[in-house]
Amino acid sequence: MSDKPANKYPVNLLDTPFPMRGDLAKREPGFLKQWQDGQIYQKLRAKSKAQGRPKFILHDGPPYANGDIHIGHAMNKVLKDIILKSKSLAGFDAPYVPGWDCHGMPIEHQIEKLVKSDKDAIKANPAIHSRIVEYRKTNGLDEKDIHLPSSFIRELCREYAAIQVERQKVDFIRLGVLGDWDNPYLTMNFKTEADIVRTLGKIHGNGYLVKGQKPVHWCVDCGSALAEAEVEYEDKVSAAIDVGFEVVDKAALSAAFGGVNVGDLSAKAVIWTTTPWTLPANQAVSVHPEFTYDLIATEKGLLILVRELAEAALKRYDIDANEVIAQAKGAALNGLLLQHPFLSRQVPIICGEHVTAEAGTGLVHTAPAHGLEDYQVGLKYHLPVDNPVANDGRYISTTEHFAGETVWKANPKVVALLEERGTLLANKKLEHSYPHCWRHKTPLIFRATTQWFIGMDKQVGAETLRDKANRAVDATEFFPAWGRARLEAMIKNSPDWCVSRQRTWGVPMTFFIHKETAELHPRSTKLLEQVAQRIEQEGIEAWFKLDAAELLGDDAAHYEKLKDTIDVWFDSGSTHFAVVKQREDLNHGDDSRPAADLYLEGSDQHRGWFQSSLKTACATVGHAPYKQLLTHGFVVDGKGMKMSKSKGNVVAPQQVINQMGADMLRLWTASTDYSGEVSISDEILKRTADSYRRIRNTLRFLLANLSDFKAENAVATDSLSTLDRYALVQLGAFQERVTAFYDKYEFHLAVQEITAYASEELGSFYLDIIKDRLYTMGADSQGRRSAQTVLWHITQALVRLLAPITSFTAHEVWEVLNGKDDSIFLDAWYVIPAVNDAEQLNQQFALVREVRAQAQKDIEVLRAAGDLGSSLQAEVVIAATGDKLSALQALGDELKFVLITSKAEVIEGEFNIKVSTSTQEKCERCWHYHPTVSTIAAHPTLCARCDDNLHGAGEVRTHA
């Protein structure tokens with residue numbers, strides 16, 4: 001039914017201060033100020049504590065304090081806010097303490113750029129650069145001197161991180177995220193730094209911290225080892241070479257191949273590698289013990305190749321004539337000595353399960369200093385871990401042929417030397433996936449260095465740390481479910497975690513090591529706590545300025561401070577102890593359970609924060625730090641492409657907020673299925689805006705028709721009209737569905753439910769029907785107040801269900817509906833009055849809606865034929881029997897209002913619906929066609945119902 005225009009006979013067309021246009025970008029900052037001035041977050045914490053609400057702890061994964069937030073940050077923070085607001089409305093004490101990751105290479109790198117007077121860096125950080133200039137001037141240093149004291153560099157890093165935190169904080173708050181923004185956690189807070197150190201001490205005390213010279217991913221640009229989470233894989237073109245290792249003992253070769261006569265022919269075991277630069281570190285050639293290897297006679301001598309790859313390999317060597325003269329299992333070749341292709345070193349053939357027959361030759365060049373599998377098989381055979389490559393990626397001075405060369409420049413020189421020595425069988429180009437530094441985007445090298453590791457397979461008691469981590473994954477609930485398999489794979493394949501770094505800006509590994517043996521001081525645990533207490537007061541600088549003698553006394557002559565810092569992933573990974581367990585507002589108070597109920601981050605954090613947190617928790621308390629893990633996908637553009645400035649497809653959250661408002665960004669976040677990649681574009685945001693407008697228009701209609709209604713005007717539930725009681729039943733079912741979606745973190749389904757309810761259940765059904773009562777009946781009439789009572793319940797419920805998502809709009813509705821003395825965020829899900837005959841109403845209206853749908857179709861046929869205009873010109877006769885007849889008759893005259901026709905008659909007979917055009921005159925006020933029109937002398941254009949409603953002596957007619 002359309003809104004009726006005003007005429008000489010007034011109707012109840014009311015207005016509301018809730019505007020049709022949200023104008024969110026301009027108005028939201030004012031609402032935000034109200035939350036801040038009213039201390040809504042603090043009041044919510046106090047109320048939750050006073051009510052003894054159970055805690056729900058979502059621990060914030062700290063974004064890195066560097067650069068402006070991007071759309072992925074915005075989505076992440078909004079998802080967290082939606083969860084916590086919905087949990088609060090559900091009756092939980094759900095605090096939000098935002099955090100920031102503040103140490104590490106990216107910040108240190110920014111300061112290095114400023115020290116080197118990088119123009120872009122200076123433009124972005126003029127205040128810090130001024131401090132550098134002033135420092136040089138005060139200390140008499142040349143303006144180009146880049147060798148500034150480490151203590152000053154750390155001071156600048158701390159200042160830079162603090163500036164970045166404040167910049168990001170402004171944008172996060174603008175999103176409408178409620179939280180303890182005045183007291184966030186920063187990994188560079190002195191207390192947090194101290195507790196990170198204590199976490200490392202607990203891991204050491206539990207026996208999981210080990211020292212070793214193992215191959216690790218090494219970034220030459222960083223000058224440091226990298227954790228698995230800091231490694232990205234990109235395509236790289238490498239030289240793929242086949243190299244012959246000459247067999248030293250022909251008799252041993254003959255015996256290995258079953259006594260075949262090899263004569264004086266040259267015989268070579270052929271390896272294939274894409275890293276020629278690692279050949280100076282070669283210590284063996286690995287074969288698989290169960291594979292079959294061919295001894296092949298060729299024009300280039302005897303070649304040993306695995307059977308499955310021999311044909312392809314010979315083709316690479318341009319060899320046509322060949323003959324397999326013998327075959328042997330890899331196990332038979334074990335111990336056969338080979339000559340290194342260009343060094344005066346003999347190396348053995350060894351057996352390793354890591355050898356595959358997928359590519360190459362089936363024989364693997366083995367350099368324990370440059371590969372994890374090489375290292376592991378080398379331990380079995382007691383091979384030396386000979387690393388000829390220094391921290392800067394250059395060969396050390398004693399490296400024969402290549403001293404002083406970088407490994408990348410050495411590659412072609414290695415190939416040239418092999419060709420010169422006659423040991424190069426093939427040299428091809430190969431594009432393959434190769435590890436890169438996630439910061440510098442440059443290729444990494446694997447090199448053995450003395451580092452500190454958290455041992456995944458070290459047996460402590462009955463279990464290894466890997467066993468504990470696997471058990472912890474089993475006990476965790478995943479959203480979406482596929483996250484389990486991903487984290488399981490990460491834990492299964494995770495090597496020992498290298499937690500030491502050779503950087504300046506980081507939490508130090510506060511151990512004392514013996515100057516000769518490099519062993520830890522026997523009182524390390526006690527000493528570490530003493531250092532932690534100092535860090536708690538002075539920050540990490542307390543360690544760097546510490547004189548060892550202050551704690552060690554005479555032992556200081558034999559011990560020195562460890563210079564390494566801790567991997568920054570350990571910082572954030574230990575915040576379940578360093579933050580959650582240290583803050584009263586976050587602490588569950590039960591050490592036997594996970595510290596947090598939920599961790600929520602992007603899908604890349606299975607290899608990052610989810611994993612580092614799991615390992616530190618399992619190594620300290622024996623279980624996961626979280627009960628649930630929620631993963632969201634990456635944000636891509638409308639075509640599914642990764643965002644980049646060069647493509648010009650970046651959507652900045654600041655721009656969206658400034659143009660459309662934060663609620664639009666929040667609605668987009670909630671509307672999207674975050675379990676996969678999340679798309680955003682101008683077109684997608686336009687569709688989001690359309691959805692928002694439909695919801696807002698519904699809210700405006702509700703508020704306008706409640707503008708003359710107060711709670712005391714409400715009609716008792718049992719006294720509501722049949723339709724109104726049914727609408728209340730539908731409201732209860734709707735709220736149950738939406739809150740269930742909130743509980744399962746399925747926000748896109750919640751949005752779909754809300755949108756459908758607003759447009760279909762309300763717009764196309766209930767509101768369409770009750771407009772007649774709202775507009776035409778007496779303002780205080782029973783029929784109108786009955787409808788308004790249900791509108792009140794609908795609006796109270798709907799505004800709460802919207803509050804976690806469109807928080808600013810919900811705040812605005814709340815103020816119009818309930819006044820400014822309270823906040824929606826201090827409330828709970830609405831308690832909808834129970835309807836005693838709910839099931840009966842559902843059955844009754846299932847039939848009514850079926851009849852209504854058929855009647856509307858028939859009316860459309862008549863309208864298309866030009867036989868009638870609006871549906872009010874129609875009259876309907878419905879034939880039915882049995883329960884159907886009873887259900888329809890029970891509605892009485894209310895049925896015609898549900899059908900939005902001027903007449904609805906129910907008769908007994910075989911089920912049938914007949915629609916005809918009314919022959920009565922039209923009421924000027926209500927637009928119904930009725931026989932009483934023109935029968936009232938004083939008001940001939942009105943029907944009797946309208947005449948009574950306008951001029952009656954107190955009698956209110958709901959029906960003619």
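Count residues from 1 along the sequence.
Checking Q42 against D180 by side-chain atom types alone, no donor-acceptor pair falls below 3.5 Å. T809 and D663 are linked by a side-chain donor-acceptor pair at a separation below 3.5 angstrom, with hydrogens and angles left out of the test.
Looking at T789, its side chain does come within 3.5 Å of a backbone N or O of R785 through a donor-acceptor pair. The backbone N or O of H930 lies less than 3.5 Å from no partner atom in the side chain of H928, so there is not a single donor-acceptor pair. Between the side chain of T739 and the backbone N or O of E736 there is at least one donor-acceptor pair closer than 3.5 Å. Using modelled atom types, one side-chain atom of T698 and one backbone atom of R694 make a donor-acceptor pair closer than 3.5 Å. Side chain of R800 to backbone of A828: a donor-acceptor contact under 3.5 angstrom is found. With hydrogens and angles disregarded, a donor-acceptor distance shorter than 3.5 Å links the side chain of R925 to the backbone of T776. Of the possible donor and acceptor atoms, none in the side chain of R725 sits under 3.5 Å from a partner among the backbone N and O of D718. Between the side chain of E28 and the backbone N or O of A662 there is at least one donor-acceptor pair closer than 3.5 Å. Judged purely by atom type and a 3.5 angstrom limit, S671 uses its side chain to pair as donor or acceptor with the backbone of L667. Remark: the backbone N or O of S48 is not paired with any side-chain donor or acceptor of R53 at under 3.5 angstrom.
Shown here is E910, whose CD atom has no more than 12 heavy atoms of other residues, nucleotides or ligands within 6.0 Å. Atom CG of N713 has more than 12 neighbouring heavy atoms from other residues, nucleotides or ligands inside a 6.0 Å radius. By the 6.0 Å contact criterion, NZ on K914 is open, its count of non-hydrogen atoms from other residues, nucleotides or ligands being 12 or less. For K903, the NZ atom counts as loosely surrounded, since its 6.0 Å shell holds 12 or fewer non-hydrogen atoms of other residues, nucleotides or ligands.
Between D768 and G763, the closest heavy-atom pair is CB-O, 3.6 Å. A94 and S88 get closest at one heavy-atom pair: CB-N, 4.3 Å. Nearest approach of L826 to I40, heavy atoms of both residues: CD2-O, 3.8 Å. Of all heavy-atom pairs between L32 and G176, the closest is CD1-CA, 4.4 Å. Of all the heavy atoms in F897 and I769, the pair that sits closest is O-CG2, 3.3 Å. A74 and L665 make their closest contact through CB-CD2, 4.1 Å (heavy atoms, listed as atom of the first residue, atom of the second, distance).
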Test side chain to side chain donor-acceptor pair (under 3.5 Å) applied to K85 and S807, step by step: CA-CA 9 Å; K85 282 174 178 166; S807 295; 2.8 Å; yes
Worked verdict on L720 versus V835 for side-chain contact (heavy atoms from CB on, under 4.5 Å): CA-CA 10 Å; L720 296 173; V835 178; over 6 Å; no
W35 vs F825, ring pair (Phe, Tyr, Trp, His ring centres under 6.0 Å): CA-CA, chis, key distance, verdict: CA-CA 10 Å; W35 301 350; F825 304 116; 5.1 Å; yes
Check against side-chain contact (heavy atoms from CB on, under 4.5 Å), H951 and L942: CA-CA 11 Å; H951 311 108; L942 296 184; 4.2 Å; yes
side-chain contact (heavy atoms from CB on, under 4.5 Å) assessment of Q844 paired with L891: CA-CA 9 Å; Q844 181 182 19; L891 279 173; 3.6 Å; yes
Evaluation steps, side-chain contact (heavy atoms from CB on, under 4.5 Å), between Y674 and H748: CA-CA 8 Å; Y674 58 73; H748 66 295; 5.6 Å; no
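Using the six-membered ring where Trp is involved, W181 and F172 have ring planes that are parallel, under 30° apart on the 30 and 60° scheme. The aromatic rings of Y742 and W829 sit parallel to each other, their planes meeting at less than 30°, with 60° as the upper class boundary.
Between F31 and W814, the distance from one ring center to the other does not fall under 6.0 angstrom.
Of the charged side-chain nitrogens involved, none lies within less than 4.0 Å of a carboxylate oxygen, so that K49 and D93 do not count as a salt-bridged pair. A salt bridge does not link K43 to D822: none of the charged nitrogens lies less than 4.0 Å from a carboxylate oxygen. Salt-bridge check for K33 with D37: passed, with a basic side-chain N closer than 4.0 Å to an acidic carboxylate O. By the 4.0 Å N-to-carboxylate-O rule, D171 lies too far from R174 to be salt-bridged with it. Comment: E761 engages R849 in a salt bridge, judged by a side-chain N to carboxylate O separation of less than 4.0 angstrom. For R696 and E812, the salt-bridge test passes: some basic side-chain N is under 4.0 Å from an acidic carboxylate O. A salt bridge links R666 and D81; the closest N-O separation between the charged side-chain nitrogens and carboxylate oxygens is under 4.0 Å.
Summarising the geometry, atom CG belonging to L798 is positioned 7.0 Å from atom OH belonging to Y757; distances are rounded to the nearest 0.5 Å. Here the CG atom belonging to L762 is positioned 4.5 Å from the CG atom belonging to L767, to the nearest 0.5 angstrom. To the nearest 0.5 angstrom, N658 atom CG is 12.5 Å from L24 atom CG. The CD atom of E746 lies 9.5 Å from the OG atom of S675; values are rounded to the nearest 0.5 Å. Atom OG1 of T917 is separated from atom CZ of R863 by 10.5 Å, given to the nearest 0.5 angstrom. Here CZ of R773 is found 12.5 Å from CG of N949. Values are rounded to the nearest 0.5 Å.
By the ring-ring contact (aromatic ring centres under 6.0 Å, His included) test, Y830 pairs with H793, sequence neighbours left out.
Checked options D772, D724, D708; the residue passing with R784 is D708 (criterion: salt bridge (charged side-chain N to carboxylate O under 4.0 Å, His left out)).
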Donor-acceptor list for residues 866-879 side chains, cut-off 3.5 Å, not counting sequence neighbours:
unit_1: S870; atom_1: OG; unit_2: L872; atom_2: N; d: 3.3
unit_1: S871; atom_1: OG; unit_2: I900; atom_2: O; d: 2.7
unit_1: Q873; atom_1: OE1; unit_2: G869; atom_2: N; d: 2.7
unit_1: E875; atom_1: OE2; unit_2: S918; atom_2: OG; d: 3.0

